[in-house]
Amino acid sequence: MSLFNVCTWWSAQCSDLGENYDVASLLCARFGLEDQEKDYIVIGTHAGHLSIYYPSYELDATSNTYGYRATDLLLEQQGNSPILGVYAGRFTANSRKENANQLAVLHPYMVVIYSVQFIGGVAEHGAQLSLQQLHAYRFNRTAFALCKGYFGKVKGREFFCVVHLDGALTFYEQDGISYECKFPGHRALPTPIVYCERTDSFFRLASAWNLECFTYQDLSHSSINKSQYQSTWSMCLGEGILDMNVVQVKSDHASLMILGERNFLCVTDAGKLEFILKLEYVPKCFYSFVVGYYWEPTARLITIIFSASSKLFIYEKANIIWAAHIKHEPPVAIQRSNLSGLTGALVTLGPCGQLRIGYLGTDPYVFQVPPLNVQELSFTEAQKKLQELEEEIKEATDIQNVEIINQKAYEDMNISFTINAEVKAEADLLLLEDIPVNVALKELSVSTGQLRWHAKEALSEMQIVFNMPEGIRCSQDTVTYVNVKGDTSETMELEFFIAELLHFHTSKVEVVVSFISMKGVPRVIQQAAFLPLNMFFKLKQPQKAASIKLTYIINLKVEESPKLCDYFSEFISWENESQSLGLVLLTTLGENVEEIVTIVAEKNSNRLRLESDVLEAFPLVLERLIYQTLEAQKLILGPRKATLKGQINPNADYITASAFIPVQPILHRIDIHHETQENIRKQTLELDELWQRFKELQRRLQEKVEDEPKEILVLQIEENYDHLIAEGDRLTEMRKHELKQRCDLTCALTVAKLIISSLKLEEKLVNIISSVLTTPSEDWTELSWEESMAAGIDMLHHYGPLSSTNTNNQHSMIDSNINTEKSFDYKRFRRNVAILFERIVRLASNDQHLAEAQIIETTVPKSSRAEIVDQSTEDMANIHEILNVQPMTLTTAPVRRLRPYQRSCTLEAVEDDDEEEATEDEEDLRKMGYKKHYGCKEMNKENNDATPWVNEDFKLPESDELFNDLGIWW
């Protein structure tokens, strides 16, 4: 806050008290009426009032100023048309005085030129002014602003042009010649236009917020021969402007001062940016002037800017040199004037006609704290009000029990969302307009649903959003309600249809209702339903063989075996007891390609087998199978209890998947997706290079002189443009192909997640893996799906039961990877994904083997166990003959035993096989007699020259091969 004020020297209130003033309503000028006259102040309002003031500064006997006097108002008249602006200049050639100026008043449909006449006073009321009309120029378009100057560098007389609301210009010369022209482009907004005498050019702000420069010669020739023309130069400002003017600071160039909405700029008449000043306040108006003469080296460029917070800032170029406070509201117009008794006065015009003349004084601005309104405090009322506020805060911010808050939200808003199992054969005609032709030719079915909501309490705002998988659309878009009354209900009829031929990873449709209560408390509730499978599949003959097979065991607490009609009632009736079902996917792109999934239920068993040659055909069927099984479990056993620490995945108690994940098909989808992303990046870079080349050629074409040949350059531009369009179309096709591959990748990840969700692993581990393998997969401009997933996969690779790092070294290894690897390594990411799935399968297989061993141990008697142990000993004795390896003999030196592997299903890190400490492994293996081929030292005694190791440097065998051959599985 500034310490100084702008002191008021003279003030007056204009006759119009309304807000009918803007930056063009104030004019300070001289009309050549006296020999030693000062500036007159002319005010024009939008209501048609015209006033001319000639302030004077006189002292009375007590050395006090009179301030405003009635004799200061020399002219006041009311017109019939609004006044858009007042201007002064030599607008007629009939004037005999060289320094005589005329007054131009701009109305919406005409410009009137007046000659100001002086009438001397014969009494105490003083002198007066009168206006004599010289010319009146009428036009058909509505005017916006006026620009004057010595157009064409004509000396001794000024021309002017009128800017219309449609962006057109009407030029008027003193000889009565007038012509019109328009700026190039499809749209020209009405913006202020200024004229630069040095270059004989006009500056204006285009609709794209570009500052453009046009010469007067181009504008005048275009109106005569209707020729096309372009701007001399253009500069992007990036924001709208409030005002601008031209000042001559140097002899070699003029400066264009621009006040934007957030910045203050100075641009030369050649289009060079001198400086830009970012404003930390909201500007209202400004005025720039030169102290001294432009041909002098000591000339200074001064700018005055008023802010919306009643502050005045003075800058010398881009440096602030003074700041002051004004006691009244900020003005809409400001000018600098030389008045009688005060040189360099600041003339300001308020929004309601407050005309003030001030100067920069040194009177300190002392802020006084307003007196406190101290009232007698009533503790009873204060305590009561405090309790009311505390209760209101508790109602709005009580988050101690989330379940109670959610339950309260569902009580305030009841929703019922259902999707019918039956499908319609045809969609409505309105929906068909949004469906592509290739999808419409398939004649796919349409599913119907219903959403009913009931608001018990009044709501200030409510929004309903439908979340669906990519390629499925709803007849209702996002719906928003405002000011919902209490006890209001509505039923919405919905239709869901397939809009794109893609592979879908889920049939789940989720409706999210977010609302804000009258107290401003936001709440969100949601409900989900599943689309029927006959929208996506139809019956087909089951396949006898397939490349991918998934097996599930249903462990429901019922005596009967699972039937296919319990899960796929859309295709099999209750009377049909078929053990196999074939479904073909309807959303494939190729007509000759059939993607069939076969479901087989084994007789007298609780096993279900799913087979298909295409991985993308599994997600919808697996989702239905798992969801129906768990829903039946809830109906029989009730809701699931809270999760305990170390608890095994409870889903596996009811539906258990075989320990198999189709790793290679998943990796194949990841490879294709990564390759497409790399191609898109290369294509984008190529497009950027072509675009830069195109702009360079255009710049070279503009810089060429008219006499130089341009045919070769034009041909290069056309060729580059055609290449640019072709590469852009190619990028568009890549984007379309990317969507299909991203959906295929999402389906592959969904299959892996559904399989893992039914394995007998720790529940917390299953949740962590599912959270890392997020679906649907997304790609961003600067980050692909692989790059975003690399951190989570790498974390699983180093922590928990799936880790591959020693407990003592896991943190250092993570840190070293972060510091050394600055770029994304796709090969490492792919390897980590493959290892992750393999370890999940191994861990699940070990759990199954342990469970079977426990069952055998509890059922087999002790005598039988001894027989089994003897039989296993004999099998291990014969293993050396099978592997063609002699039995290992103990050495005389003490042997260090390898640390036993203790398998753990917790999230604590375990010792890894392929990242064991090298020194311990080397010493253990040497003392135990193992070499690279995992044989004994005695086998190489015949060859005396051979060393006990395959190579002298001794490279440890790969951990997977070593521990697998030793009978240890991870």
Side-chain angles (χ1 to χ4, degrees), residues 1-6 8 19-28 46 85 144-145 147 189-194 203-211 235-247 249 255-268 273-291 300-337 344-360 365:
M1 182 178 67
S2 175
L3 186 62
F4 305 103
N5 282 331
V6 177
T8 301
E19 295 184 357
N20 298 320
Y21 303 86
D22 60 9
V23 68
S25 301
L26 176 63
L27 172 65
C28 297
H46 297 167
F144 174 74
C147 178
L189 298 180
T191 56
I193 295 177
V194 294
F203 303 99
R204 70 124 185 186
L205 184 69
S207 58
W209 286 348
N210 295 328
L211 182 64
M235 175 185 294
C236 180
L237 300 183
E239 62 176 350
I241 64 172
L242 302 181
D243 195 8
M244 60 180 175
N245 59 18
V246 178
V247 292
V249 185
S255 297
L256 177 62
M257 314 304 295
I258 304 170
L259 180 63
E261 297 174 351
R262 299 177 182 85
N263 301 281
F264 178 62
L265 304 92
C266 179
V267 183
T268 64
L273 180 65
E274 289 194 13
F275 65 83
I276 178 171
L277 180 64
K278 182 175 179 58
L279 304 179
E280 298 180 355
Y281 51 85
V282 179
K284 294 288 290 183
C285 59
F286 90 113
Y287 183 77
S288 296
F289 58 93
V290 179
V291 178
R300 301 168 63 190
L301 174 62
I302 305 297
T303 301
I304 303 174
I305 302 178
F306 272 99
S307 69
S309 58
S310 299
K311 297 292 190 304
L312 176 142
F313 301 92
I314 300 180
Y315 298 89
E316 183 175 357
K317 293 186 177 181
N319 302 319
I320 186 170
I321 59 176
W322 193 264
H325 177 80
I326 54 177
K327 299 180 181 179
H328 48 80
E329 58 184 339
V332 296
I334 176 177
Q335 287 197 13
R336 182 174 175 265
S337 177
L346 299 179
V347 183
T348 60
L349 179 63
C352 296
Q354 300 88 358
L355 180 62
R356 294 183 176 89
I357 301 175
Y359 60 92
L360 299 178
Y365 174 71

Going by heavy atoms in the side chains, are [X] and [Y] under 4.5 Å from each other?
X: Leu360; Y: Val6; answer: yes
X: Phe289; Y: Ile304; answer: yes
X: Ile326; Y: Pro331; answer: yes
X: Asp22; Y: Leu349; answer: no
X: Leu205; Y: Ile258; answer: no
X: Leu26; Y: Tyr21; answer: no
X: Ile302; Y: Ile321; answer: yes
X: Lys311; Y: His325; answer: yes

Can you tell me how far [atom2] of [Y] sits from [atom1] of [X], rounded to the nearest 0.5 angstrom?
X: Gln335; Y: Thr348; atom1: CD; atom2: OG1; result: 11.0 Å
X: Tyr315; Y: Cys266; atom1: OH; atom2: SG; result: 14.0 Å
X: Leu277; Y: Asn319; atom1: CG; atom2: CG; result: 9.0 Å
X: Asn210; Y: Leu237; atom1: CG; atom2: CG; result: 7.5 Å
X: Phe144; Y: Ile193; atom1: CZ; atom2: CD1; result: 9.5 Å
X: Met235; Y: Leu273; atom1: CE; atom2: CG; result: 5.0 Å

Keeping Ser310 on the side-chain end and His328 on the backbone end, is there a donor-acceptor pair under 3.5 Å?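 Yes: the side chain of Ser310 pairs with the backbone of His328.
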
Side chain of Glu239, backbone of Arg262: donor and acceptor closer than 3.5 Å?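 Checked: pair present.
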
If you compare all heavy atoms of [X] against all heavy atoms of [Y], which two are closest, and at what distance to 0.1 Å?
X: Pro283; Y: Leu242; value: O-CD1, 3.5 Å
X: Ala323; Y: Phe313; value: CB-CD2, 4.0 Å
X: Ser255; Y: Val249; value: OG-CG2, 3.9 Å
X: Val247; Y: Ser288; value: CG1-O, 3.7 Å
X: Pro330; Y: Pro351; value: O-CD, 3.7 Å
X: Gly344; Y: Arg336; value: CA-NE, 4.0 Å

Would the number of heavy atoms belonging to other residues, nucleotides or ligands and lying under 6.0 Å from CD of Glu19 be above 12?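 Atom CD in Glu19 is not crowded, with 12 or fewer foreign heavy atoms closer than 6.0 Å.
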
Geometric class of the Phe275/Phe264 ring pair [parallel <30°, tilted 30-60°, perpendicular >60°]: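 Tilted, since the angle between the ring planes falls between 30° and 60°.
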
Please determine which of Leu265, Leu279, Ile241 meets the side chain to side chain contact (heavy atoms under 4.5 Å, CB included) test together with Leu259.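 One option only clears the test, and that one is Leu279.
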
Phe286 and Asn245: CA distance, side-chain angles, deciding distance, side chain to side chain contact (heavy atoms under 4.5 Å, CB included) verdict: CA-CA 10 Å; Phe286 90 113; Asn245 59 18; 3.8 Å; yes

